[in-house]
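To start, the structure under review is shown below, and the notes come after it.
These figures come from a predicted structure and were not determined experimentally.
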Amino acid sequence: MNFQVIGVRGDTGFDDIVSHFTSMGGEVILMDPDMVVGRDHVISAAIHAERSFSEGTNRSKTLLTEIILYTAWERQISKAISKMKPKTGRNEYIALLIDIGDPQLDRIDMTMDDSLLECSDEKAERLGLTKSRISYIDQAIENVALVELLKV
């Protein structure tokens with residue numbers, strides 16, 4: 001599988017964005033930018049989720065939901081979805097594109113804005129990360145890995 005993580009901005013609705021990407025033959029997960037501390041946070045979650053399916057240790061029925069569990073660092077699907085779901089009325093998303101090449105954002109009046117992926121102290125604090133010698137990104141990746149322990 002080919003994973004690509006981008007920040008997107010624009011007034012196109014959630015369902016129309018999802019339809020655009022699925023019409024291209026791939027899949028997409030749209031997430032709240034406030035809950036993502038970098039590209040590696042999401043890629044690590046996707047890799048862990050993919051491995052859980054190949055090893056038969058997945059908790060959910062679909063890869064997309066499993067990725068959300070890992071990205072959210074949650075054990076319960078409903079909590080994970082609630083945490084990662086983009087806020088209503090907000091026109092910014094983190095998009096995990098699965099098996100999609102060129103996102104062709106101009107076709108849906110969206111623009112790429114990878115600054116949405118950047119980590120800030122405020123984002124880190126919201127996610128329970130602490131300022132230390134370990135970077136926020138590394139802490140996020142550790143939390144993704146810890147989801148394995150939550151499964152037992």
So, for [X] and [Y], which heavy atoms are closest and what is the spacing to 0.1 Å?
X      : Y     : value
Ser60  : Phe53 : O-CZ, 3.5 Å
Leu117 : Gly7  : CD1-N, 4.3 Å
Asp102 : Met24 : O-CE, 2.8 Å

Determine whether more than 12 heavy atoms belonging to other residues, nucleotides or ligands lie under 6.0 Å from atom [atom1] of [X].
X      : atom1 : result
Asp11  : CG    : no
Glu125 : CD    : no
Lys85  : NZ    : no
Lys87  : NZ    : yes

Any non-hydrogen side-chain atom of [X] less than 4.5 Å from a side-chain atom of [Y]?
X      : Y     : answer
Phe3   : Glu50 : yes
Met84  : Ile94 : no
Ile67  : Ile98 : yes
Ile108 : Asp16 : no
Met31  : Ile29 : yes
Glu66  : Lys61 : no
Trp73  : His41 : yes
Leu127 : Lys83 : yes

Do [X] and [Y] share a hydrophobic cluster, counting only Ile, Leu, Val, Met, Phe, Trp and Tyr and linking them when any side-chain heavy atoms are less than 4.5 Å apart?
X      : Y      : answer
Leu30  : Val36  : no
Ile6   : Leu116 : no
Ile47  : Val5   : yes
Leu63  : Ile68  : yes
Leu146 : Ile141 : no

Next item on the list: Apply the test side chain to side chain contact (heavy atoms under 4.5 Å, CB included) to residues Glu148 and Tyr70: give CA-CA distance (whole Å), side-chain angles for both, the deciding distance (0.1 Å), then the verdict.
Entry: CA-CA 9 Å; Glu148 291 294 327; Tyr70 277 94; 2.3 Å; yes
Check: Got a salt bridge between Arg90 and Asp34, using NZ or NE/NH1/NH2 to carboxylate O under 4.0 Å?
Finding: yes
Next item on the list: Decide yes or no on side chain to side chain contact (heavy atoms under 4.5 Å, CB included) for Asp121 and Tyr136, but give the supporting numbers first.
Entry: CA-CA 9 Å; Asp121 289 338; Tyr136 293 138; 2.9 Å; yes
Notebook entry, point to check: Does one side chain, of Asp32 or Tyr93, offer a donor that lies under 3.5 Å from an acceptor on the other?
Noted result: no
Item checked: Test side chain to side chain contact (heavy atoms under 4.5 Å, CB included) applied to Phe21 and Asp99, Leu97, Leu96, the passing residue -> Leu97
Next item on the list: Would you please test Gln139 and Thr130 for side chain to side chain contact (heavy atoms under 4.5 Å, CB included) and show each step?
Entry: CA-CA 8 Å; Gln139 290 178 59; Thr130 57; 3.6 Å; yes
